[in-house]
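Below you'll find the structure, written out as structure tokens, and then a few comments.
Hydrogens, waters and symmetry mates play no part in the numbers below; they use all other heavy atoms, side chains included. Just so it is clear: chains get the letters A, B, ... in the order the sequence lines come, proteins before strands, and each one is counted from 1. Nothing here was measured: the structure is a model prediction, and the numbers come from that model.
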There are 2 protein chains.
Amino acid sequence: MSPRRSDPATKPALVDIAARLLAENGPQALSTRRIAAEADSSTMTVYTHFGGMSGLVREMVREGFSRLQERLTSVRETADPVADMALLGRAYRFNALANPHLYAVMFGGSSLAGFSLSEEDRQHGRYTLGNVAECAERCLVSGRFRPGDAILVAHQMWTAIHGLVTLELGGYLIPPYDANACVEAQLVGLMVSAGDDWPSATESVARSLERVDEIEM
Amino acid sequence: MSPRRSDPATKPALVDIAARLLAENGPQALSTRRIAAEADSSTMTVYTHFGGMSGLVREMVREGFSRLQERLTSVRETADPVADMALLGRAYRFNALANPHLYAVMFGGSSLAGFSLSEEDRQHGRYTLGNVAECAERCLVSGRFRPGDAILVAHQMWTAIHGLVTLELGGYLIPPYDANACVEAQLVGLMVSAGDDWPSATESVARSLERVDEIEM
DNA sequence: CATTGTTGCATAACAGCGATATCTATTAAC
DNA sequence: GTTAATAGATATCGCTGTTATGCAACAATG
């Protein structure tokens with residue numbers, strides 16, 4: 001009873017290599033052989049550390065959610081919770097644009113790559129909503145939002161921004177209305193749909209635009 | 001100079017076989033060999049008809065948008081354009097739930113499967129927005145929506161519903177708030193964000209729920 | 001009807017993939 | 001130091017998309 005321990009640094013190193021290959025050379029560059037070549041080892045390392053390619057992808061999904069959460073938590077609380085909420089939306093989009101391939105794996109990899117997320121993975125993804133839900137709660141208690149359920153409001157924010165970002169990354173937005181214009185309109189619309197009145201929402205969204213340095217990590 | 005012509009029925013037959021394999025056995029069942037086996041032919045048929053696997057996938061994307069458009073055009077115009085718009089949103093979701101794998105390929109396949117949509121394909125996808133834009137125009141001229149641009153409004157509808165459906169198919173919606181509840185809230189919120197007042201929006205969305213037989217093809 | 005040019009499609013092969021069995025060698029515990 | 005257990009290398013299997021080759025079938029021509 002005395003196992004051989006592997007270098008604890010190789011596992012995150014493999015995830016880094018995989019993420020870099022994915023970002024630089026696209027999804028089809030994610031092969032055990034290329035990863036092994038980059039890591040100066042054999043294809044077996046992927047199996048000993050992650051149990052297979054899907055295990056590595058799962059780890060990358062966790063990494064992706066981790067980056068997203070980090071970006072979201074960089075939004076500071078201010079006296080204007082609606083502006084904070086708008087900045088959360090911008091942060092969500094920034095993260096997706098900064099890690100497009102990783103983002104695609106996070107939300108589209110399960111149904112395409114033949115691997116399925118565990119319930120634990122999904123739970124991890126849902127915790128992302130925590131920051132948004134807290135901010136929604138502050139919007140609710142401030143009276144800016146119509147009385148309702150914070151998590152439901154957070155859901156609406158999440159799904160709307162997620163859809164916008166997904167279509168933007170896919171190149172589906174119609175040219176005259178570029179993504180930035182859609183984002184501004186979407187953010188204002190979301191705040192109004194949650195109960196804020198139009199002038200206040202417009203002003204808060206504009207104010208959040210001046211705080212983008214908070215989320216440009 | 002006298003070429004041999006192939007059976008013009010085999011090409012759509014191959015697309016049908018591919019769509020069936022995708023729907024019944026998942027994305028990893030989409031292989032040239034399995035398709036050839038189902039069609040009682042060789043793997044070369046895929047190359048002579050589509051120039052490769054990516055060409056077949058592209059054709060499936062077109063098929064997917066065709067089904068979506070068919071479902072959207074099944075929404076009849078009524079005197080309540082806001083209810084029509086809400087029903088368009090329901091139709092969009094119905095189509096996605098009826099063809100989940102196809103839907104995943106339509107919007108997530110480009111960045112994952114190593115194949116890229118041409119600008120023509122994207123243009124075809126954007127035409128989907130036509131129905132929504134027309135309905136948005138009717139909502140605008142009726143005075144129910146705040147004066148603005150119909151296409152921009154259509155964008156907001158599309159992105160929001162698309163995001164909701166994507167997260168629903170991915171299993172990311174938090175249990176106590178099931179997808180149906182999110183849809184109702186999302187639809188009402190969208191109409192309000194476009195300018196309709198809350199009671200009218202609630203009533204129109206509820207009225208659209210009674211018309212789901214229009215879109216259950 | 002025969003010829004001929006062109007093409008659809010089958011066969012076989014190639015490069016690459018994920019995964020696995022086997023083996024070696026390293027390492028921690030006793 | 002001995003020993004047990006695991007990390008990792010090598011080779012292999014079955015699968016994938018793709019392509020070169022060759023044959024057979026069809027349309028246009030005479």
Side-chain angles (χ1 to χ4, degrees), chain A residues 1-19 21-22 24-61 101 105 109-117, chain B residues 1-19 21-22 24-61 101 105 109-117:
Chain A
M1 47 187 75
S2 37
R4 171 187 177 187
R5 295 266 161 260
S6 72
D7 187 358
T10 57
K11 194 166 176 177
L14 286 176
V15 177
D16 276 0
I17 288 173
L21 282 176
L22 181 69
E24 294 178 358
N25 303 92
Q28 57 185 353
L30 263 191
S31 72
T32 57
R33 285 168 171 80
R34 283 197 69 160
I35 293 172
E38 294 278 335
D40 276 321
S41 64
S42 81
T43 65
M44 276 302 298
T45 56
V46 175
Y47 291 89
T48 57
H49 285 285
F50 307 99
M53 198 60 194
S54 60
L56 194 151
V57 173
R58 214 186 310 274
E59 207 70 30
M60 293 179 67
V61 170
H101 294 290
V105 173
S110 59
S111 53
L112 280 178
F115 106 103
S116 59
L117 278 72
Chain B
M1 47 190 71
S2 38
R4 172 187 177 187
R5 295 266 163 263
S6 71
D7 187 359
T10 55
K11 193 165 174 177
L14 286 177
V15 177
D16 277 359
I17 287 173
L21 282 176
L22 181 68
E24 293 178 357
N25 303 93
Q28 58 186 351
L30 264 191
S31 73
T32 58
R33 285 167 174 81
R34 281 198 72 161
I35 292 172
E38 294 277 336
D40 275 323
S41 64
S42 82
T43 63
M44 276 302 298
T45 57
V46 176
Y47 289 88
T48 57
H49 285 283
F50 307 99
M53 197 62 193
S54 59
L56 196 151
V57 172
R58 214 185 312 271
E59 207 70 30
M60 293 180 67
V61 170
H101 293 290
V105 173
S110 58
S111 54
L112 279 177
F115 106 102
S116 59
L117 278 72

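- Within the 4.5 Å cutoff, the side chain of A:E59 has no heavy atoms near those of the A:L14 side chain.
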Protein proximity profile, nucleotides 13-21 of chain D - base contact B, sugar-phosphate-only contact S, no contact -, cut-off 4.0 Å on heavy atoms: ---BBBBB-
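- When heavy atoms are screened at a 4.0 angstrom cut-off, A:S42 is found touching base atoms of the nucleic acid.
- Atom-to-atom, CD1 of B:I35 to P of C:dA10 comes out at 14 Å; the value is rounded to the nearest Å.
- Distance, A:D40 CG to D:dT10 P: 12 Å, rounded to whole Å.
- Tested against B:F50 for a side chain to side chain contact (heavy atoms under 4.5 Å, CB included), the candidates B:R58, B:K11, B:M60 yield a single pass: B:K11.
- Comparing the helix axis at one end of the helix from C:dC1-D:dG30 to C:dC30-D:dG1 with that at the other, each defined from 5 consecutive pairs, gives an inter-axis angle of 10° (nearest 10°).
- In terms of heavy atoms, B:G26 sits closest to B:H101 at CA-CE1, 4.0 Å.
- Atom CG of B:D16 sits about 11.0 Å away from atom CG of B:L21, to the nearest 0.5 Å.
- For the pair A:T48 and D:dG8, the criterion of a side-chain N or O lying under 4.0 Å from OP1 or OP2 is met.
- The shortest side-chain heavy-atom distance between B:T10 and B:T45 does not fall under the 4.5 Å cut-off.
- Under the 4.5 Å side-chain criterion, counting only non-hydrogen atoms from C-beta, A:I35 is in contact with A:M53.
- Atom CG in B:L22 sits 10.0 Å away from atom CD in B:E24 (nearest 0.5 Å).
- Residues B:A18 and B:L56 approach most closely at CB-CD2, 3.4 Å, considering heavy atoms.
- At whole-Å resolution of the value, CG in A:L14 and C1' in D:dA7 are 12 Å apart.
- Rounded to a whole Å, the CZ atom of A:F50 is 13 Å from the P atom of D:dA7.
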